Amino acid sequence: MIDASTRFAIADLYADYAAALDEQRYNDWLNLFADECCYIVQPRENFDADLPLATIRLESKGMLKDRIHGVTSTLYHAPYYQRHIIGGQRIRAEESGWLVEANYLVIRTHSDQPSDILSAGRYIDQVISEDGTVKFACKLCVFDTELIPNSLIYPI
């Protein structure tokens with residue numbers, strides 16, 4: 001059984017994750033990950049078939065930092081805002097931490113257009129305690145559709 005303080009800490013981790021991305025605080029987003037981490041965005045079709053091909057596969061904190069640099073300093077695109085809606089977390093204890101699953105919806109808004117759904121799916125995450133703080137050791141974003149609109153710029 002997972003104790004209440006762990007449940008609250010994990011719920012706060014997910015709330016902080018959504019807020020950091022929605023507010024474009026990418027360094028705060030980075031700090032939600034453990035020193036040894038991965039971040040993967042994969043279509044459901046490949047996940048269900050146990051195929052490794054992913055739309056985004058970042059296998060170290062250094063790769064996450066590179067992605068942030070690319071998003072904030074080198075990419076040129078029509079700016080848009082994201083809003084993350086994350087469902088309740090299903091938490092299972094494991095030897096090294098917790099396996100946490102939650103549904104998500106990311107809404108994209110360009111200032112001159114109606115909002116649209118950028119991505120919908122589920123997170124399947126390995127969460128650990130590092131220096132007394134819960135962090136993502138591996139974040140897997142499994143999106144439900146095989147199609148993505150144009151490109152994925154910001155993290156999901």
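Bear in mind the structure is a predicted one, so any value in this text is a computation, not a measurement.
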Distance only, no hydrogens: is a donor on one side chain within 3.5 Å (strictly under) of an acceptor on the other, for Asp3 and Ser5?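 Present: a donor and an acceptor within the cut-off.
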How many angstroms lie between atom [atom1] of [X] and atom [atom2] of [Y], to the nearest 0.5 angstrom?
X     : Y      : atom1 : atom2 : value
Asp16 : Lys135 : CG    : NZ    : 11.5 Å
Lys65 : Ile68  : NZ    : CD1   : 9.0 Å
Gln24 : Thr72  : CD    : OG1   : 10.0 Å

How about CG on Asp112, more than 12 heavy atoms from neighbouring residues, nucleotides or ligands closer than 6.0 Å, or not?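 Yes, the 6.0 Å shell around CG holds more than 12 heavy atoms from other groups.
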Could you work out, with salt bridge (charged side-chain N to carboxylate O under 4.0 Å, His left out) as the rule, every residue matching Asp35, not counting sequence neighbours?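 By the salt bridge (charged side-chain N to carboxylate O under 4.0 Å, His left out) rule, Asp35 matches Lys61.
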With side chains defined as the heavy atoms from C-beta onward, is the minimum distance between [X] and [Y] less than 4.5 Å?
X      : Y      : value
Leu118 : Ile156 : yes
Val134 : Trp98  : yes
Tyr123 : Val142 : no
Thr109 : Tyr80  : no
Leu152 : Ile56  : yes

Heavy-atom pair with the smallest gap, counting every atom of Phe143 and Ser119: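 For Phe143 and Ser119, the tightest heavy-atom pair comes out as CB-OG, 3.5 Å.
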Taking all non-hydrogen atoms of both residues, which atom of Ile128 and which atom of Ala34 are closest, and how far apart?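 Answer, listing the atom of Ile128 first, then Ala34: CD1-CB, 3.7 Å.
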Regarding Lys139 and the six-membered ring of Tyr17, is the cationic atom NZ or CZ under 6.0 Å from the ring centre and inside 45° of its axis?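 Yes, Lys139 lies over the aromatic ring of Tyr17.
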Tell me, please, which residues at least two apart from Cys37 pass disulfide (SG to SG under 2.5 Å).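 Disulfide (SG to SG under 2.5 Å) check on Cys37 returns nothing, list empty.
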Using modelled atom types only, decide if a donor and an acceptor are shared between the side chain of Arg57 and the backbone of Cys38 within a distance under 3.5 Å.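 Checked: no pair found.
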Are Val106 and Ile40 co-members of a hydrophobic cluster defined by side-chain heavy atoms under 4.5 Å apart?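 The answer is no; the residues belong to distinct hydrophobic clusters.
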Does the ring center of Tyr14 lie less than 6.0 Å from the ring center of Phe136?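 For Tyr14 and Phe136, the ring centres are under 6.0 Å apart.
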